[in-house]
Amino acid sequence: MNSRTTLFLMKAVVVCLISIPLVFVSSTPRPNILFLMADQMRADALRVYGNKHAFTPNLDKLAKNGVIFKHGMTSTPTCTPARAGILTGRSPWNHGMIGYGNIAQWYDVEMPRIMAKAKYNTASLGKDHFGWDLKSNEGVSHGYQKTELYDGLGEFDAEAPNLWDGEFDNYDAWFQQELPGKDPQATLDGFDGDGWNGWHGRPYVYDEYYHPTAWLGRRAVDFIANYDDMDPFFLKVSFHRPHSPYDPPQRVIDKVKPLGLAPIHAGTIYDEIFRTMKGCGPQNPDAWCGEMPLNETLNSKLCYSASVTFVDEQIGYIMNMLEKRNLLNNTFIIFTADHGDGQSDHWHWRKGYPYELSARVPFLVSWPTSMQFTVPRGTTLGNHVVELRDILHTVVDVGDAHSHVPANAFQPEDGRSLLCLLKHPDGSYCDYEPNPGPWREWLDLEHSTVYNDYVHWNAIFNGELKYIFRAVDGKEELYNITMDPNEMVDISGNEENAILVAELRGIMARQFLDEGRPSTFVKDDNGILSLPIRTEGLVYSPNYPQGTVADGCNIIAEGQGFPYNQWNVTSTGAIVLSNSTTMQDTDFCIDVYFNGSAPIIRVEKCVSGKSTQIFEKYDAKGDRMKLRYVQLGLCIASKISNFGENVILDLCTASSEDTYTTWTYGGSGRLCTAGYGCMAVNPRYPLEDETMDRWSTMTPSTFNRHLQSKKPA
């Protein structure tokens with residue numbers, strides 16, 4: 001281990017104290033708010049959730065100084081829909097993402113925007129997954145006044161601009177400045193290509209100073225060390241790990257190895273389906289399921305556990321800096337994760353499942369000494385289910401930002417403030433103004449098709465019973481989480497539970513009806529409700545922000561349900577956008593625009609006979625075809641380019657089975673490829689308002705001034 005790294009680990013906080021004030025005097029009683037989160041961290045990765053093999057002393061300490069929510073859940077357990085719930089404070093159906101897709105560029109309610117209007121200085125460090133604005137070369141902000149991002153997207157490419165194919169964010173740029181020409185993903189690229197969803201684990205190949213987890217820890221410490229504004233901060237620090245790649249430093253692996261590993265839980269009837277499912281198993285480097293070789297499985301679990309500990313270390317540095325600056329007693333802290341990680345339980349890897357391994361996340365809060373609640377510190381609250389949608393409301397409540405929330409913005413199924421449970425732990429009463437009422441009895445969970453058709457489900461959970469409906473075939477599962485926390489025994493088929501299963505099915509159907517879902521989700525036959533089988537997924541609900549179509553909007557590849565994704569391929573060669581409600585042609589056509597020498601596909605007002613709007617069906621077989629731009633002889637493709645997830649023009653391939661240039665033209669008017677979704681217009685949304693200006697005291701030079709002192713030789 002590099003000696004300078006050792007010195008950093010021992011004195012990471014002390015270095016930041018040079019020439020900075022140790023005492024922060026606030027002109028307002030409002031507390032600072034620190035929102036900590038990790039990516040793909042399951043609840044039982046922490047010792048405070050019963051894992052005796054975990055080494056997480058800093059998060060354990062945070063829990064002892066606050067409250068542990070036993071049943072912290074993520075309703076749509078993949079990255080983007082989970083983060084949309086955090087951003088908007090709404091249920092999956094109400095914010096519009098019920099599967100893995102793209103977070104909209106704008107929502108009418110957004111947590112950082114509300115807090116900025118309430119005179120909080122808002123900053124997001126680490127992973128947002130909101131998208132990247134190629135024009136400004138910054139992440140889409142959603143109201144964060146400052147961002148320093150590492151989303152963990154893209155791959156090393158020696159021939160690409162910046163040596164990177166995909167989002168080249170702040171960490172990626174910093175890494176290339178520090179180690180020019182090096183691949184930041186080198187640890188596992190040899191095993192799984194780019195490592196973002198791989199199941200292998202290996203020690204980080206560079207000095208740990210360069211690891212994104214350490215980079216983010218320093219960024220957060222430096223933010224707090226240099227904060228000197230009179231208004232409070234709302235700071236989100238979002239770690240990418242323990243999400244794949246499982247690449248912790250060897251030092252941390254050595255620290256956790258003596259503690260052993262939690263056992264693998266598998267053996268149910270459903271587990272057998274995933275153990276040997278086609279496309280899964282060790283032959284697939286980024287498999288989402290399958291029984292892997294035992295030695296590799298155990299090594300992956302070890303590296304995952306070490307990744308959790310490495311995140312915990314950085315949180316320790318952050319907490320130490322809060323204490324050094326005399327800010328800890330005036331800071332409300334939340335810690336959670338967007339979803340869990342299969343870690344071979346039930347032969348699952350990655351996320352997206354209704355089971356605890358994926359849908360249950362750590363949920364900790366700690367509050368300033370000035371705030372008093374009924375619940376004593378160190379308590380575990382297990383009578384009610386909390387969810388990521390509750391974070392916005394908690395932040396608004398803590399920051400007294402209620403007046404900045406639009407009227408009637410939320411429905412009963414949306415989030416509520418966790419302060420309600422701290423005041424009234426029985427959940428009987430909540431006076432939180434934007435969404436009052438008793439705490440939820442049942443939490444809704446769901447995920448549209450991901451990986452394959454079988455991972456397409458809805459569920460409800462009350463902290464004891466979890467009912468799961470498999471949309472693709474109508475099969476049901478029921479687990480008593482109190483008696484069977486690892487979900488090893490499906491009790492839905494027990495004769496004595498027949499009435500209970502029917503009642504739970506009815507609760508789910510009633511929820512769908514109350515939300516106004518279409519008949520594909522719930523059938524109402526004279527008051528008798530039923531749940532139909534749904535063989536086709538729906539990534540976006542009708543509540544997903546629609547935006548507006550205008551000249552110059554790009555064409556992107558998106559999932560089912562995205563607005564503006566229906567087309568009329570006319571006999572004259574024009575591809576006309578259709579109105580999704582009336583199916584009538586709009587005034588917009590696909591058009592080719594030349595940005596210098598590069599052709600870009602977008603929509604423009606239709607002009608009859610315009611050469612840049614003429615395409616032809618090529619290699620057509622039934623409803624499958626290529627769409628060739630006549631002027632250049634290139635085909636429309638759904639490949640992701642260096643410029644983002646835009647549909648592009650590419651060479652026409654000879655194979656009719658090509659998954660990127662062969663489009664299926666469905667009866668609904670959608671044009672979809674097997675490679676990357678359906679063709680859609682990327683709409684425009686309202687611009688950010690004046691409250692989003694950055695506060696003057698946090699300049700880039702101030703923010704970066706201590707970093708160079710901690711570099712290894």
| query | What residues, two or more places apart in sequence or in another chain, satisfy side-chain hydrogen bond (donor to acceptor under 3.5 Å, both in side chains) together with Arg241? | reply | Tyr150, Asp247
| field | Non-neighbouring partners of Cys303 that pass side-chain contact (heavy atoms from CB on, under 4.5 Å), sequence neighbours left out | value | Tyr246, Pro248, Ile253, Asn299
| With sequence neighbours left out, which residue pairs that include part of residues 567-582 fulfil the salt bridge (Lys or Arg N to Asp or Glu O under 4.0 Å) condition? | none
| task | Work out which heavy atom in Val592 is nearest to a heavy atom in Pro599; give both atom names and the distance. | result | CG1-CB, 3.9 Å
| field | Check: Trp663 side chain, Ile636 main-chain N or O, donor-acceptor pair, under 3.5 Å | value | yes
| Main-chain N/O of Asn284 paired with Trp199 side-chain donor or acceptor, under 3.5 Å | yes
| Donor-acceptor pair, Trp215 side chain versus Trp174 backbone, under 3.5 Å? | no
| Do Arg219 and Tyr171 meet the cation-pi criteria used here (NZ or CZ under 6.0 Å from the six-membered ring centre, within 45° of the axis)? | no
| Can you name the one residue among Thr78, Asp341, Thr74, Asn197 that meets side-chain hydrogen bond (donor to acceptor under 3.5 Å, both in side chains) with Lys351? | Asn197
| message | Show me the pairs that pass salt bridge (Lys or Arg N to Asp or Glu O under 4.0 Å) and involve residues 662-672, at least two apart or across chains. | response | Glu536-Arg670
| said: Checking side-chain polar atoms at under 3.5 Å, does Gln176 have a donor or acceptor matched by the opposite partner on Asn162? | reply: no
| Looking at Gln40 and Arg350, what are the two nearest heavy atoms and their distance? | NE2-CA, 4.0 Å
| query | Just by distance, do the side chain of Tyr544 and the backbone of Ala104 share a donor-acceptor pair under 3.5 Å? | reply | yes
| Residue pairs involving residues 598-610 (criterion side chain to side chain donor-acceptor pair (under 3.5 Å); sequence neighbours excluded) | Asp591-Lys610, Arg602-Glu604
| task | Kindly write out the residues that satisfy side-chain hydrogen bond (donor to acceptor under 3.5 Å, both in side chains) with Asn568, not counting sequence neighbours, or none if the list is empty. | result | Asp585
| task | For Asp338 and Thr80, indicate whether the former's side chain and the latter's backbone hold a donor-acceptor pair under 3.5 Å. | result | no
| Within 45 degrees of the axis of the six-membered ring of Phe521 and under 6.0 Å from its centre: does Arg534 put its NZ or CZ there? | yes
